[in-house]
Structures are given as structure tokens and as C-alpha cells.
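Below: one structure, written as C-alpha cells.
Convention: sequence-line order gives letters A, B, ...; per-chain numbering from 1.
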2 protein chains.
Amino acid sequence: MSISDRKKKILAAVVDEYIRTAEPVGSKHLAENAGLGCSSATIRNELAELVSLGYLEQPHTSAGRVPTPMGYRMYVNELMQKQKYSLEETEEINRRLNQKLQELDDTIGSISRLASQLTDYPALALTAAAPTTIRRFDLIYVDANTFIIVLMLSNNTVKSKLVHLPVSVDQPLVQRLSALFNSGFTGITEDQITPLLIHSSERAADDSMGLTAVIAAFAIETLSEVTAPMAFVSGENRLLNQPEFRDPDKAHRLMSYLSSGSYILPPAENGLPDSSEVRVLIGPENIAEELKDSSVVIASYDAGDNTRGLIGIVGPTRMDYSAVASKLRFLAANLSRRLGSGEAPPEGMHNKLIIKKSEDREE
Amino acid sequence: MSISDRKKKILAAVVDEYIRTAEPVGSKHLAENAGLGCSSATIRNELAELVSLGYLEQPHTSAGRVPTPMGYRMYVNELMQKQKYSLEETEEINRRLNQKLQELDDTIGSISRLASQLTDYPALALTAAAPTTIRRFDLIYVDANTFIIVLMLSNNTVKSKLVHLPVSVDQPLVQRLSALFNSGFTGITEDQITPLLIHSSERAADDSMGLTAVIAAFAIETLSEVTAPMAFVSGENRLLNQPEFRDPDKAHRLMSYLSSGSYILPPAENGLPDSSEVRVLIGPENIAEELKDSSVVIASYDAGDNTRGLIGIVGPTRMDYSAVASKLRFLAANLSRRLGSGEAPPEGMHNKLIIKKSEDREE
DNA sequence: TGTTGGCACTCTCGCCCTCCGAGTGCTAAT
DNA sequence: ATTAGCACTCGGAGGGCGAGAGTGCCAACA
């Protein structure tokens with residue numbers, strides 16, 4: 001069912017105003033400021049209808065109107081004007097994105113921090129699990145009791161580890177193991193590394209000291225670490241800026257849910273949506289009980305290596321959807337461009353001589 | 001100046017009770033529950049004196065007494081009874097410590113999370129900067145456009161990185177560079193890697209493609225990363241459990257200070273105290289304005305490699321000093337035992353076949 | 001001299017009540 | 001269909017009141 005054009009205008013004005021002020025908005029105020037050419041009485045009539053249609057509600061008789069989740073939904077779907085960035089803002093975000101990405105480790109954490117700083121809401125970042133294999137295996141002999149394991153993974157990262165041994169090994173054994181793992185353990189996923197495979201390798205290498213097991217364990221651990229979905233939340237405390245979270249208990253409930261790191265996305269979103277579209281989950285549309293009266297805005301980006309990452313912003317239902325959505329869209333698009341696309345990730349920028357470490361944190 | 005024995009008992013009782021209830025404590029209540037054999041009137045007299053001595057104060061006439069920072073200081077220095085753990089608790093902490101340390105990366109984060117969980121206050125973890133050098137350099141040739149840099153550091157960790165090149169290199173060059181770096185760049189600290197050194201190496205290696213600069217940049221970056229003091233905060237939201245932070249603004253101020261990651265320790269503590277003693281900073285003893293009416297409990301531990309780490313707990317001045325201090329002491333002692341002590345860190349436990357990943361997060 | 005019970009006093013907190021104003025719904029006029 | 005006017009409603013701020021907790025002081029007592 002469609003509603004009149006003027007109703008839409010009024011609804012949009014109500015949502016905009018409520019987002020700005022967090023206070024129920026009345027007919028008179030609307031008539032004066034919203035610039036639609038009619039009097040407060042007319043608007044009152046329209047408002048009454050919007051209430052009975054379910055788009056608005058009144059906290060109590062004779063307070064102004066407040067959008068319902070359905071009202072927000074309509075706003076997000078049809079009425080919201082997409083925000084464009086000025087050149088300076090774009091510049092600013094880009095600059096900070098660059099800065100963040102230079103701190104190459106903990107990328108996911110930086111992204112979520114950046115998103116939170118930009119929007120002034122709590123942010124979360126997730127990465128999906130992606131099947132990863134070992135592409136290359138190296139063992140570096142250091143001394144009789146020490147060697148280094150170096151794994152090059154199919155996602156073009158390298159993991160390494162120092163191993164101290166209670167027993168001593170000789171260089172030939174290390175080389176033998178290296179060759180063996182390179183042929184037997186590359187190109188397979190974590191669950192293909194079976195005890196059987198380990199055992200047979202052990203015999204093939206003539207390894208009586210359990211080295212094989214140690215190396216295999218590191219391989220398994222590394223793969224499971226890389227494969228595991230990761231979650232990161234930051235800026236939880238920004239919730240306290242929002243009037244709807246002035247109640248410390250309420251704030252605490254949501255904050256500890258957020259930092260618990262266990263999000264439940266609605267089934268539809270579960271597979272980390274492919275499109276670079278921004279999704280909005282309003283109040284009861286969320287599955288998690290703790291989010292039932294909050295909203296979440298999610299964007300996904302191409303993290304390279306067939307993986308999609310996800311950035312989300314959490315806030316009250318009265319969230320500035322327009323601003324948040326466009327910021328998230330921008331961020332996701334840029335991340336995709338930088339991280340994603342094809343086999344060879346743009347290592348280029350890491351190769352440059354980057355000495356200065358940026359030390360800025362939140363605020 | 002020393003105070004009478006009974007005054008001390010009473011002061012201790014007041015602090016204990018106030019820590020428990022967060023409410024001013026009155027003479028009658030004290031007479032009935034604190035088990036010192038005298039009447040409320042006597043206690044009133046003593047309380048009045050304690051007030052004039054500066055150990056206690058009254059929020060207003062005819063409310064109970066509340067400890068002043070000076071009162072807490074006395075409590076912490078002399079009156080507080082050190083809490084002993086039951087066997088089960090010790091067991092429990094040990095179990096979780098084991099679990100945490102198995103997730104070998106992000107140790108500092110895990111420690112702070114664990115501390116926060118144990119105490120139910122926000123926790124922070126810091127590591128001091130320690131001079132670190134490169135002990136060994138390896139370059140692994142992958143293909144004409146790709147090689148891996150592997151650095152073994154003086155703190156017995158290994159860092160590695162994949163480098164993609166726009167130009168192609170041959171294996172001999174890579175080997176030449178490897179040898180060169182091994183002789184020229186090991187055993188020196190970050191600031192000894194000068195442009196001059198890089199330049200002369202470049203010529204020595206006959207490297208016309210700037211590879212030397214790339215590798216040197218990684219060395220510098222890695223060293224500065226490892227050397228840099230790190231900070232980590234977790235459980236900020238637990239502040240909201242404390243009645244003194246029911247005011248969202250107050251809570252927000254402190255929380256955002258905490259997550260800003262810039263602590264200022266009093267000069268005395270600045271060098272990360274050597275002793276494994278636990279320090280308590282009460283209210284105004286803190287330098288940072290934001291901490292003036294909160295307290296911080298700090299313990300330091302031997303993180304190996306001549307580095308000391310620091311764990312801190314932040315809470316209201318009415319903090320359960322006794323419990324927090326003993327938990328922190330226990331944690332620090334255990335960490336020292338596991339991480340610290342001498343040249344060869346106990347890698348042993350990492351060598352074991354650890355496959356199960358623990359997935360618990362906060363709460 | 002130190003301790004105790006008694007008593008009047010003080011101050012906060014929670015409660016209720018009232019009043020004010022913003023905003024509504026309805027009706028009659030345009 | 002829109003508007004102006006009007007009576008009505010309801011939440012929130014502000015003021016007054018009473019209860020209760022806790023004190024300080026005093027006089028009596030060991």
C-alpha cells in the first residue's frame with residue numbers, strides 16, 4: 001500500500017527532526033520549519049493518519065510523534081536522501097584510511113576503530129572464514145636446538161615461528177623435513193591434515209623425535225587461526241553519547257553484548273551479502289534480544305582472497321541512517337579497492353619506505 | 001603520627017564496609033556488626049576524631065562516614081588483610097591463564113582481558129619499550145618477483161613478510177642481500193640503521209633496484225613495532241557496574257580516557273617498578289586529571305628479554321583493594337614464571353601439540 | 001578518664017501534589 | 001480540502017512534607 005506524497009514528506013521531516021533532537025516532534029514545529037506549505041492543523045491530521053498506519057507513534061497522548069521501526073524502514077527504503085561528501089571530507093577519510101592501512105597488522109581492528117571514529121557510534125568488524133591452504137613451506141636451521149618454521153599461505157601472507165628443542169637436530173634432517181612438508185602439506189586445507197598423514201610423514205622423514213608433529217601442529221594452528229572468522233568491536237563507549245542510553249543498565253547490557261563478540265545476523269545476511277550495498281537492520285529486525293531496540297547498519301567489502309569482510313555500526317533506532325550509511329558505503333568501497341580484487345594484492349604500498357609510525361588512537 | 005589501635009580497627013571496618021556497600025557507614029551499624037566490644041557512642045567519638053585527623057569524611061552532616069584518599073592510603077598500607085586464595089580459585093585462575101597463553105599472539109590483550117574478567121573492573125596492560133636487535137636475517141627466494149623476509153629478533157620472536165616486486169630479481173642477488181644483511185644489520189638497534197648504512201649496503205650488494213631499501217624499511221618497521229610500548233585496555237564497560245559511575249557523563253569521560261590509550265603514571269612508577277610488589281594509586285595520587293577520583297592498582301611482571309610488563313586495574317576509589325591486589329599479585333607472579341626468567345623463554349609449552357582453540361570471550 | 005545511654009537536632013531522600021505548557025483531537029468556518 | 005480556534009490531556013518540573021538515619025553533646029557511670 002502506498003501513501004500520499006505529502007505524507008511521505010511529513011514522515012521524512014519527522015524522522016529527520018527526531019534523529020537530530022531525540023525528542024518527539026510536534027505539528028507546530030513541523031509547520032514552521034519543514035517548509036511544506038500548510039498549517040499545523042493539516043499536519044496534525046496527516047500525523048494522526050500516519051499513526052494509524054503504523055509509521056509513527058506517540059509516547060503518550062499529547063506528546064509529539066516518534067517514528068516506529070516501520071517508520072524508519074520506510075525512511076531508509078524510500079525517503080532518505082543519500083548524503084554526498086564534500087571534497088574535503090572525502091580527502092579526510094582517505095587520508096585516515098591510508099594512515100590506518102599502513103599499520104598493516106591488526107587491519108580489522110583498525111577498520112572498526114576508524115568506522116567508529118567517523119560515525120561516533122560503536123562499530124564492529126567481522127571477517128568471514130575463507131578456506132586457506134599452505135602454498136610453501138620453509139624450515140630455517142638456526143642451531144642444533146633451534147629452527148624457524150616459515151609458512152607462506154594461499155592468501156599471500158607469511159607466518160613464522162621459532163622452535164626450541166630439548167633435543168638436537170642436524171641440518172640434513174631439517175632439510176629433509178622441509179622438502180617433505182613442501183610436497184605433502186601444501187595446497188591442502190586444515191582438515192585434510194590428518195593424524196594419518198602426519199604419521200606417514202613422520203616415518204618417511206625418519207623422524208624419531210616428534211619434530212613432524214610439532215611442525216604439523218603449527219601448520220594446523222596457523223591455518224585454523226587464519227581461517228577462523230574474526231570479530232572486533234570498538235568505541236562501545238560512544239553509546240553513552242546517545243540520550244537513549246543514559247540509563248547505565250541499558251547501556252551496560254548492550255555494551256557487554258557487543259564486547260562479547262557473538263553477533264547473530266539475520267539469516268538473510270548471514271552469508272555476508274555479496275553486494276556492496278549497505279543493509280540496515282532496524283530494531284526488532286535484529287535477531288539478538290539485546291539489539292531489539294537498536295539498529296545496525298552493515299556494509300561488506302571485498303577483503304581479497306575470496307573473502308568478504310563486514311563493517312557494522314550499532315546505534316539507537318534513532319540513528320542517523322543517512323550519514324552512517326554513506327560513510328559505511330564509502331569506507332567499504334575504498335577497502336574493496338585496496339584490499340580486494342584478484343590474486344596479487346596491492347603490496348605495492350607496503351613496499352614503500354614507510355618509517356613514520358602513526359600513533360593516533362581514538363579521540 | 002600514629003593512631004590508636006582501636007582507631008585503626010574502626011577505620012578498617014569503615015573502609016571494608018564502604019567497599020562492600022558503597023554507602024556511608026554509620027556508628028550504630030559499626031557497633032553491631034564490626035565486633036569491636038564497645039557501643040555506638042564510643043564509636044561516634046572515635047569517628048569524629050578520625051574525621052578531624054583526615055582519614056574519614058562525611059558527605060554531609062548526619063550521613064555516615066566515608067574514607068578519604070588518605071584513609072584508603074592508610075588502609076592499603078597497614079590495615080588491609082592480604083587475601084589468600086582457596087585451592088579452587090588458584091586452580092581456576094591457573095586454568096584460565098593456561099588457556100589464554102595458548103592463544104600465543106596478542107598476549108598482552110589476553111592478559112588484560114583476563115585481569116578484567118577476574119576482577120570485574122576495567123584492566124589495562126602495558127609493555128615497556130625494550131631495546132631489541134635483529135639476531136638473524138633470512139631471505140627466501142620464492143619466484144622472480146617474490147621473496148620472503150624472515151627476521152629473528154633478540155627477544156626470540158620471528159617476524160616475516162612477503163614482498164612482491166614490480167621488477168624481477170635472480171636468486172644470487174637475493175642470496176647476496178641475505179648475507180649482507182646478516183653481517184651488517186644484526187645486533188644493532190633501530191636507530192643505528194641509518195640512511196648511510198643503507199646506502200653503503202646498497203652499493204655493496206650491487207643492488208640497482210632499491211631492494212635494499214625495501215628490506216631495510218621492513219627491518220626498521222619491525223624493530224620499531226617490537227620496541228614500541230604497547231597498551232591495551234579491556235572491560236571498560238565494567239565501570240558501569242559501579243554505583244559511582246551511574247552518571248553516564250562521568251562514566252563516559254573515564255571510559256574514553258581509558259580507551260585513548262595514553263596513561264600517565266606518576267614519575268615514581270614511570271620506569272615500571274622492578275619489584276613484583278603491587279602498587280596502589282589512590283584518587284588524587286594519580287596524575288591524569290581523569291583519574292583524580294578513581295584508583296589504579298598496578299602490578300608488574302617479568303616479560304622476559306629484560307622487559308617488564310604491567311597490568312593495571314582501574315576502579316572507583318572505593319575499590320576492593322584487597323581482592324584486586326591479591327589477584328593482580330597472583331597473576332603477575334604467574335606471568336613472570338611463565339614468560340620471564342633468562343635468555344631462553346619457555347617455548348616448551350608452545351611446542352606441544354595444541355590443536356583445540358579456545359573461543360571464549362568476555363562474559 | 002574513658003565509656004555509655006539518651007536526646008534533640010540536622011540533613012537527605014522519597015513522596016505527593018500542584019501547576020505549567022506543549023501538543024493533541026475535534027468542530028465550525030472558509 | 002484546509003484552516004483557525006478551543007477545550008482537553010498528560011508528562012515533567014518544582015515545592016513542601018514527613019520519615020529515617022545519623023550525628024553531637026551531655027550527663028551518668030565504672
Side-chain angles (χ1 to χ4, degrees), chain A residues 3-11 13-18 20-68 71 243-244 246-247, chain B residues 2-11 13-18 20-68 71 243-244 246-247 318:
Chain A
I3 59 177
S4 86
D5 225 43
R6 191 174 61 188
K7 279 201 183 56
K8 285 186 184 175
K9 264 208 189 102
I10 291 179
L11 177 54
V14 171
V15 176
D16 277 331
E17 187 63 11
Y18 185 63
R20 213 172 52 80
T21 62
E23 309 244 311
V25 3
S27 57
K28 192 173 165 198
H29 190 269
L30 233 37
E32 285 165 6
N33 299 316
L36 12 108
C38 57
S39 79
S40 70
T42 314
I43 293 178
R44 273 204 293 283
N45 289 330
E46 297 281 47
L47 288 178
E49 287 188 59
L50 283 168
V51 167
S52 70
L53 286 172
Y55 293 108
L56 295 177
E57 65 187 349
Q58 318 177 258
H60 50 85
T61 341
S62 120
R65 306 310 210 279
V66 161
T68 61
E244 28 272 285
R246 292 209 68 80
D247 172 11
Chain B
S2 182
I3 60 177
S4 87
D5 226 45
R6 191 174 61 190
K7 279 200 183 56
K8 284 186 186 175
K9 264 209 189 103
I10 292 179
L11 176 55
V14 171
V15 177
D16 278 332
E17 187 62 12
Y18 185 63
R20 214 173 50 80
T21 62
E23 307 244 310
V25 5
S27 56
K28 192 173 165 198
H29 190 269
L30 233 37
E32 283 165 7
N33 299 316
L36 11 109
C38 55
S39 79
S40 70
T42 313
I43 293 177
R44 273 205 292 285
N45 289 332
E46 296 282 46
L47 287 179
E49 287 188 57
L50 283 169
V51 167
S52 70
L53 288 172
Y55 292 108
L56 295 178
E57 64 186 350
Q58 317 177 260
H60 51 86
T61 341
S62 122
R65 306 310 210 281
V66 163
T68 61
E244 27 272 283
R246 293 208 68 81
D247 173 11
R318 179 196 59 80

What's the shortest heavy-atom distance between A:Val15 and A:Pro67, and which atoms?
CG2-CG, 3.8 Å

May I ask you to evaluate whether A:Thr42 reaches the phosphate of D:dT3, defined as a side-chain N or O under 4.0 Å from OP1 or OP2?
yes

Spacing of A:Glu23 atom CD relative to C:dG23 atom C1', expressed in whole Å:
13 Å

Would you say A:Lys8 has more than 12 foreign heavy atoms packed within less than 6.0 Å of its NZ?
yes

Mind checking side chain to side chain contact (heavy atoms under 4.5 Å, CB included) for B:Ser62 and listing every partner two or more places apart, or none if nothing turns up?
none

Nearest whole Å is fine: how far is C:dG23 P from A:Asn33 CG?
12 Å

Separation of C:dT1 P from B:Arg6 CZ (nearest whole Å):
16 Å

Using atom CD1 of A:Ile43 as one end and atom C1' of D:dA1 as the other, report the distance to the nearest whole Å.
15 Å

Within this structure, what is the OG-CG distance for the pair B:Ser39 and B:Asn45, rounded to the nearest 0.5 Å?
8.5 Å

Please check: side-chain N/O of A:Ser27 versus main-chain N/O of A:Ile43, any donor-acceptor pairing under 3.5 Å?
no

Heavy atoms of B:Ala22 and B:Pro243 approach each other most closely as CB-CG, 3.7 Å

Just how far, in rounded Å, is P of D:dA4 from CD of A:Glu32?
12 Å

Atom CG of A:Leu30 to atom P of D:dT3: distance rounded to whole Å?
14 Å

From CD of A:Glu49 over to P of C:dC26, roughly how many Å is that when rounded to an integer?
12 Å

Scoring nucleotides 13-30 of chain D by protein non-hydrogen atoms under 4.0 Å (B base, S sugar-phosphate only, - none) yields --------BBBBB-----

Can you measure B:His60 atom NE2 to C:dC13 atom C1' for me and round it to whole angstrom units?
9 Å

